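A quick write-up on the structure given underneath.
Every chain is numbered from 1, with letters handed out A, B, ... down the list of sequences. Just so it is clear, the structure is predicted and the values come from calculations on it, not from any experiment.
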Number of protein chains: 2
Amino acid sequence: MATISDVAAKAGVSTATVSRALNGKSTVDPELAARVVAAASELGYHPNGLARNLRRQETAVLALIISDVENPFFTAIARGVEDVAQTAGYSVVLCNSDENEEKERRYVDVAVQERVAGVVLSPTGGATNVDVLHSRGTPVVAVDRPLPGATGDLVNVDTRLAAQEAATHLIEAGYRRVGCISGPAGIRTADDRLAGYRDAVRAAGHPDGAARVRRAEYRAAGARDATLDLLDAAEPPDALLVANSAQAIGVLEALSLREQRPGRDVGVVAFDDVPWATLVDPPLSVVAQPAYEIGRVAAELLLARIADSSRVPTTTTLGARLIARHSSRRHG
Amino acid sequence: MATISDVAAKAGVSTATVSRALNGKSTVDPELAARVVAAASELGYHPNGLARNLRRQETAVLALIISDVENPFFTAIARGVEDVAQTAGYSVVLCNSDENEEKERRYVDVAVQERVAGVVLSPTGGATNVDVLHSRGTPVVAVDRPLPGATGDLVNVDTRLAAQEAATHLIEAGYRRVGCISGPAGIRTADDRLAGYRDAVRAAGHPDGAARVRRAEYRAAGARDATLDLLDAAEPPDALLVANSAQAIGVLEALSLREQRPGRDVGVVAFDDVPWATLVDPPLSVVAQPAYEIGRVAAELLLARIADSSRVPTTTTLGARLIARHSSRRHG
DNA sequence: CTGAAAGCGCTAACAA
DNA sequence: TTGTTAGCGCTTTCAG
């Protein structure tokens with residue numbers, strides 16, 4: 001493990017000169033610089049980032065703590081964050097909190113201990129330690145869901161409105177008993193989507209929809225069971241608003257098991273425009289969220305806050321887009 | 001930013017005692033320990049991981065450099081790695097090389113500069129700098145594809161064999177002009193799957209299949225174009241082996257555009273058992289790779305190598321499983 | 001333009 | 001059991 005002083009010795013200069021030469025900071029005699037570079041490459045020298053960061057009191061890495069690596073919505077956010085971070089010279093490390101408070105806590109700890117320059121996270125929403133980021137002065141921007149403390153930047157979509165529009169779309173398409181499969185209570189997007197659904201049902205003057213609402217984890221299996229449960233009830237729903245794309249898989253499975261055809265028998269609109277939405281039969285109607293854009297904006301906000309910590313916190317709400325395909329049409 | 005000496009001052013002890021008390025290493029007088037803990041929490045003290053790691057010359061973080069965060073195959077590997085890392089007390093940071101040599105190089109640099117304890121990566125295969133990991137003594141295990149240098153542990157599947165079996169399955173199902181959509185030349189899995197396809201076609205004594213082979217990026221769009229190209233040719237294929245699940249989306253889109261029904265008109269088998277495989281019509285036949293398992297084994301190997309760097313490098317080849325659904329049946 | 005020297009925050013010998 | 005001290009490898013004043 002060659003160190004800076006090995007390089008200095010080999011080049012016959014001081015460590016300060018090596019540092020200057022390699023970082024291209026202040027000017028160094030070209031000939032010396034050449035000697036340094038040569039010595040460094042001969043020794044296979046790689047600066048010790050730990051020491052450098054300790055000295056500089058800063059790190060060019062951003063942490064991105066997301067709640068599900070297997071959800072295309074979050075991986076698209078990741079690409080957005082990554083693309084802007086790259087161009088600004090930051091690396092981004094992804095941490096998968098897995099919708100688990102314990103893991104989120106753990107990764108937040110790692111982030112502050114490793115003194116990352118900033119963190120983007122989609123909070124699980126529980127009683128976690130995100131406040132330490134705040135109290136440590138680590139810049140944070142929340143995506144998809146607000147931070148419990150409510151301070152700090154946030155980039156999200158108006159998911160309640162989007163859910164309301166989607167439910168209204170189903171109602172206008174002629175479905176009479178619109179139901180909803182949403183995520184666990186406490187997860188903000190799940191609560192909001194359910195609220196939006198209720199807004200729509202209420203506005204349409206439909207009878208109590210509570211009996212047609214189920215909550216399940218943001219996974220296929222839970223949603224499948226919940227849907228079967230609903231379908232087997234006395235007055236089953238004739239349409240479903242589904243809060244998440246993994247859940248959509250479970251819902252479609254359940255429909256298939258009960259031989260209900262999406263659209264004709266049971267209208268379906270699901271959140272997130274997954275790549276396979278057009279491949280299922282009939283094509284799935286979705287609420288498309290601008291995930292990549294969320295990541296992009298979040299990273300820009302984060303960089304701005306790193307540069308100027310006194311910025312006043314902002315909330316950026318992006319719009320979602322309803323894409324009506326055939327799973328929300330009764331005919332055709 | 002409270003430091004260890006702030007805590008020491010507040011508790012009226014030395015920094016060494018603080019360190020010992022907080023790390024629970026050697027025994028400390030219970031009363032002093034209590035004072036230290038109290039002081040630390042009052043000050044909101046979080047140890048500086050940079051300093052600690054610099055001193056200890058080690059870091060409890062693993063880097064996982066994968067070539068596509070949006071590919072379920074790789075995210076499943078990530079979960080496997082993460083699960084074993086967690087239980088061993090390591091954090092894992094995910095880096096997305098995006099099938100891009102430049103990015104891979106960059107993340108490898110970050111990994112050595114930050115002195116991570118080890119790295120798991122799926123090499124793009126180009127002329128990159130993975131050798132620096134080796135020369136720096138950073139433990140590495142490759143997943144999915146071998147390291148160019150060929151040294152080091154590897155966890156993969158016998159993808160050539162799997163491809164051959166899948167192509168043979170199509171042939172046995174009665175398809176006569178089996179074609180193949182594979183990934184870019186140079187990416188090992190793409191080359192291997194193509195080779196496996198050729199093994200099968202040759203073994204069956206089918207005429208030259210070269211005209212029914214296309215390479216495209218591991219993305220939907222390229223595969224769609226390639227498939228359209230194939231379908232519009234003089235003697236179009238009546239079946240396709242598809243090397244990647246993102247490509248499968250493009251293939252199915254192309255088939256739909258040309259009004260060819262999977263199975264009946266064109267048999268299809270694709271790599272990776274994605275969650276939506278059973279939802280498309282007809283259900284998609286796939287080659288299921290044990291992705292989670294790959295990640296698990298890779299992480300275990302990595303930890304073993306961190307503990308004992310003299311271990312002899314091993315290659316673990318896991319089996320893939322053909323799941324025949326209806327897209328590879330001509331009737332029914 | 002270059003070198004000497006201090007010190008980032010922490011841990012691990014070594015003494016007491 | 002506790003404190004003193006010496007660095008880990010690097011960057012950055014401050015002199016020269």
Between [X] and [Y]: side-chain donor-acceptor atoms closer than 3.5 Å:
{"X": "Tyr107(B)", "Y": "Asn96(B)", "answer": "no"}
{"X": "Gln86(B)", "Y": "Arg106(A)", "answer": "yes"}
{"X": "Asn53(B)", "Y": "Glu58(B)", "answer": "no"}
{"X": "Thr15(B)", "Y": "Ser5(B)", "answer": "no"}

Select one nucleotide: of [options], the one nearest the side-chain heavy atoms of [X].
{"X": "Pro47(B)", "options": "dC10(C), dG3(C), dC10(D)", "value": "dC10(C)"}
{"X": "Arg52(A)", "options": "dG9(D), dT11(C), dC10(D)", "value": "dC10(D)"}
{"X": "Val13(A)", "options": "dG3(C), dC10(C), dG7(C)", "value": "dG3(C)"}
{"X": "Arg55(B)", "options": "dT2(C), dG7(D), dC10(D)", "value": "dG7(D)"}
{"X": "Leu32(B)", "options": "dC10(D), dG3(D), dT2(D)", "value": "dT2(D)"}
{"X": "Val28(A)", "options": "dA4(C), dT2(C), dA12(C)", "value": "dT2(C)"}

State whether [X] places a side-chain N or O below 4.0 Å from either non-bridging phosphate oxygen (OP1 or OP2) of [N].
{"X": "Asn23(B)", "N": "dT11(C)", "answer": "yes"}
{"X": "Gln57(A)", "N": "dG9(C)", "answer": "yes"}
{"X": "Ser14(A)", "N": "dT2(C)", "answer": "no"}
{"X": "Thr3(B)", "N": "dG9(C)", "answer": "no"}
{"X": "Thr17(B)", "N": "dG3(D)", "answer": "yes"}

Residue pair Thr15(B)/Arg115(B) against DNA chain D: nearer the 5' end by closest nucleotide is Thr15(B)
More 5' along DNA chain D: Asp29(B) or Asn48(A), using each one's nearest nucleotide?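 Result of the comparison: Asp29(B).
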Between [atom2] on [N] and [atom1] on [X], what's the gap in Å once rounded to a whole number?
{"X": "Glu114(A)", "N": "dC10(C)", "atom1": "CD", "atom2": "P", "result": "13 Å"}
{"X": "Leu54(A)", "N": "dC10(C)", "atom1": "CG", "atom2": "P", "result": "9 Å"}
{"X": "Leu22(B)", "N": "dT11(C)", "atom1": "CG", "atom2": "C1'", "result": "13 Å"}
{"X": "Glu58(A)", "N": "dT12(D)", "atom1": "CD", "atom2": "C1'", "result": "13 Å"}
{"X": "Arg35(B)", "N": "dT1(D)", "atom1": "CZ", "atom2": "P", "result": "16 Å"}
{"X": "Asn53(A)", "N": "dC8(C)", "atom1": "CG", "atom2": "P", "result": "16 Å"}
{"X": "Gln113(A)", "N": "dG9(C)", "atom1": "CD", "atom2": "P", "result": "15 Å"}
{"X": "Ile4(A)", "N": "dT11(D)", "atom1": "CD1", "atom2": "C1'", "result": "8 Å"}

Output all residues satisfying side chain to side chain contact (heavy atoms under 4.5 Å, CB included) with Ala142(A), sequence neighbours left out; order by chain, then residue number.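 Here the qualifying residues are Pro123(A), Leu147(A), Leu154(A).
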Using the rule given for side chain to side chain donor-acceptor pair (under 3.5 Å), can you reason through Thr124(B) versus Glu104(B), listing the C-alpha separation, both sets of side-chain angles and the distance that settles it, and then say yes or no? CA-CA 8 Å; Thr124(B) 59; Glu104(B) 175 177 318; 3.0 Å; yes
Has the side chain of Arg20(B) got a donor or acceptor atom sitting under 3.5 Å from an opposite partner on the base of dG3(D)? yes
